[in-house]
Amino acid sequence: EPLKAMIDAHGAQTSRSPRPPLDILTLETVRAGLASDCIDVFFQPKVSVADRRLTGVEALVRWRDGDGRLVPPIAFLSVVEENGLIDELTDQVFRKSMATAAHWLREGLRIQVAVNFSVESLTRFQVHDLVVSAVAENGIDPENVILEVTESRIMENVTAPLEILTRLRLKGIGLAIDDFGTGASSMQQLKRIPFTELKIDRAFVDGAPADEEARAMLESSVDLAKRLGLKTVAEGVETQAEWDLVSALGVDTVQGYFVAKPMPADALLTWARENGAIASG
Ligand code: C2E
Ligand code: MG
Ligand code: MG
Ligand code: MG
């Protein structure tokens, strides 16, 4: 059911005609595709709640199959992670994201770009070097780069990725704890990593206008983030009611279908222009 729902939601943004459901990609398909340019990256706007200004985007990997269909990460990410291919995927996504950011800069768009990192890859020093070199080669300000790490995954072992994350943070790169609320963080462990941003999982946003418990989680997450000096992002805001609620709670930034769905790099540029994020003339 969740797989079908995600694929349906994804299909709605990429094609007008209904299409058959997608299966999980096989290892052979994934191996071949990583070597033959099947990796594409979409970008979803993040806007400031105070003034609806575009502050940044999240890079989200997509798989483009032989027929040009786009496959969402749920259909291939676990195959990639479980078969030692995550470094290759991370490398492609991060380099494409930085090259895109450089292109946008030339077009007058200066925004933050957040990229998801699987926790496994954050224990290897090649990832540190990948980030540092791709940021420098593309002339990106490290302050405009954010690494996102899922809370539940990082809490399994905080020590292993700590050194790389801390070194990147010292170079100015931002660190977001993703899907917050799903991972039962220990406060003591959370404090060890120099996070700059907390992204509240969309499960708590979805339910919040109607459900007391979801709202309690949402409120206490915002409160915790503020006390720890972290910026807050509400994920999955789909309705005016959800926007109004997160706004009333003092959330800094919103990302969700209510603002915009993930889109290709050129569409993002158009969207940014139409929404006043690029000064004209
Ligand atoms: P995430 O990092 O939490 O990304 C947000 C997900 O929520 C995205 O799904 C996005 O399309 C979806 N989303 C955003 N707004 C809404 C909304 O209003 N309603 C609903 N229903 N969904 C919304 P997507 O792109 O399918 O990605 C799923 C997950 O896959 C990501 O969750 C992230 O954990 C992982 N992922 C995506 N790209 C990468 C990548 O390049 N590397 C790694 N390691 N993981 C990635
Ligand atoms: Mg993310
Ligand atoms: Mg998330
Ligand atoms: Mg999520």
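Both counts, for ligands and for their atoms, begin at 1 and track the order of listing. One is the number of the first residue; the rest follow in order along the sequence. Here the structure is a predicted model, which is why all the values come from computation and not from measurement.
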Shared ILVMFWY cluster between Val30 and Val93, side chains joined below 4.5 angstrom? yes
inquiry  = Same cluster or not: Leu175 versus Ile177, using hydrophobic residues (I, L, V, M, F, W, Y) connected whenever any side-chain heavy atoms lie under 4.5 Å apart?
reply    = yes
(Q) Between ligand 1 and Ile74, can you find any atom pair, the residue atom being a heavy atom, that is separated by under 4.0 Å? (A) no
Side chain to side chain donor-acceptor pair (under 3.5 Å) pairs touching residues 34-47, sequence neighbours excluded, are Asp37-Lys96, Asp40-Arg64, Gln44-Gln255, Lys46-Glu197
Quick note on ligand 1: atoms under 4.0 Å from a heavy atom of Arg62 include exactly 11 (O), 24 (P), 25 (O)
Sorted by chain and residue number, the side chain to side chain contact (heavy atoms under 4.5 Å, CB included) partners of Arg153 (sequence neighbours excluded) come out as Glu81, Val119, Glu120, Thr150, Glu156
d(Arg110 CZ, Ile278 CD1) to nearest 0.5 Å is 12.5 Å
Taking only non-hydrogen atoms of Pro73 and a 4.0 Å limit, the atoms of ligand 1 in range are 24 (P), 25 (O), 26 (O), 27 (O), 28 (C), 30 (O), 37 (C)
Per-atom filter on ligand 1: closer than 4.0 angstrom to a heavy atom of Leu60 are 4 (O), 8 (C), 10 (C), 11 (O), 25 (O), 37 (C), 38 (N)
Self-check item: Close N or O approach (Glu81, ligand 1; < 3.5 Å)
Solution: no
Whether Glu58 lies under 4.0 Å from ligand 1, heavy atom: yes
Distance col, row Asp266:CG vs Glu107:CD, nearest 0.5 angstrom, shows 10.5 Å
At under 4.0 Å between heavy atoms, what of Pro262 touches ligand 1? The answer is side chain
Logged contact type for Val61 with ligand 1, heavy-atom cut-off 4.0 Å, is both
Is it true that atom NZ of Lys191 has more than 12 heavy atoms of other residues, nucleotides or ligands lying nearer than 6.0 Å?
no
At under 4.0 Å between heavy atoms, what of Val115 touches ligand 1? The answer is neither
The answer for which part of Lys261 has a heavy atom under 4.0 Å from ligand 1 is neither
Checking Leu268, Leu109, Thr100, Val115 against Val57 for side chain to side chain contact (heavy atoms under 4.5 Å, CB included), the one that qualifies is Leu268
Taking Phe94 as the starting point, is it possible to reach Val149 by hopping between hydrophobic residues whose side chains are less than 4.5 Å apart? yes
Heavy-atom proximity to atom 16 (C) of ligand 1, picking from Phe94, Phe117, Phe42, Tyr257, points to Tyr257
Protein N/O/S atoms closer than 2.8 Å to the Mg ion (ligand 2), ordered by chain and number, come to Glu58 OE2, Asn116 OD1, Glu148 OE1, Asp178 OD2
### Query
Would you call Asp211-Arg215 a salt bridge at under 4.0 Å N-O?
no
The ring-ring contact (aromatic ring centres under 6.0 Å, His included) partners of Phe195 (sequence neighbours excluded) come to none
Quick look: Asp178 vs ligand 1, heavy-atom contacts under 4.0 Å, and the answer is side chain
Is there a donor-acceptor pair under 3.5 Å between the side chain of Asn275 and the backbone N or O of Trp271? yes
*asked:* Can you tell me how the ring of Phe76 sits relative to the ring of Trp63, calling it parallel under 30°, perpendicular over 60° and tilted otherwise?
replied: tilted
Counting from 1 in the order shown, the ligand 1 atoms closer than 4.0 Å to a non-hydrogen atom of Glu238 are 17 (C), 18 (O), 19 (N), 20 (C), 21 (N)
For Leu77, the atoms of ligand 1 under 4.0 Å from one of its heavy atoms are 30 (O), 35 (C), 36 (N), 45 (N), 46 (C)
Any nitrogen or oxygen of Thr150, main chain or side chain, under 3.5 Å from a nitrogen or oxygen of ligand 1? no
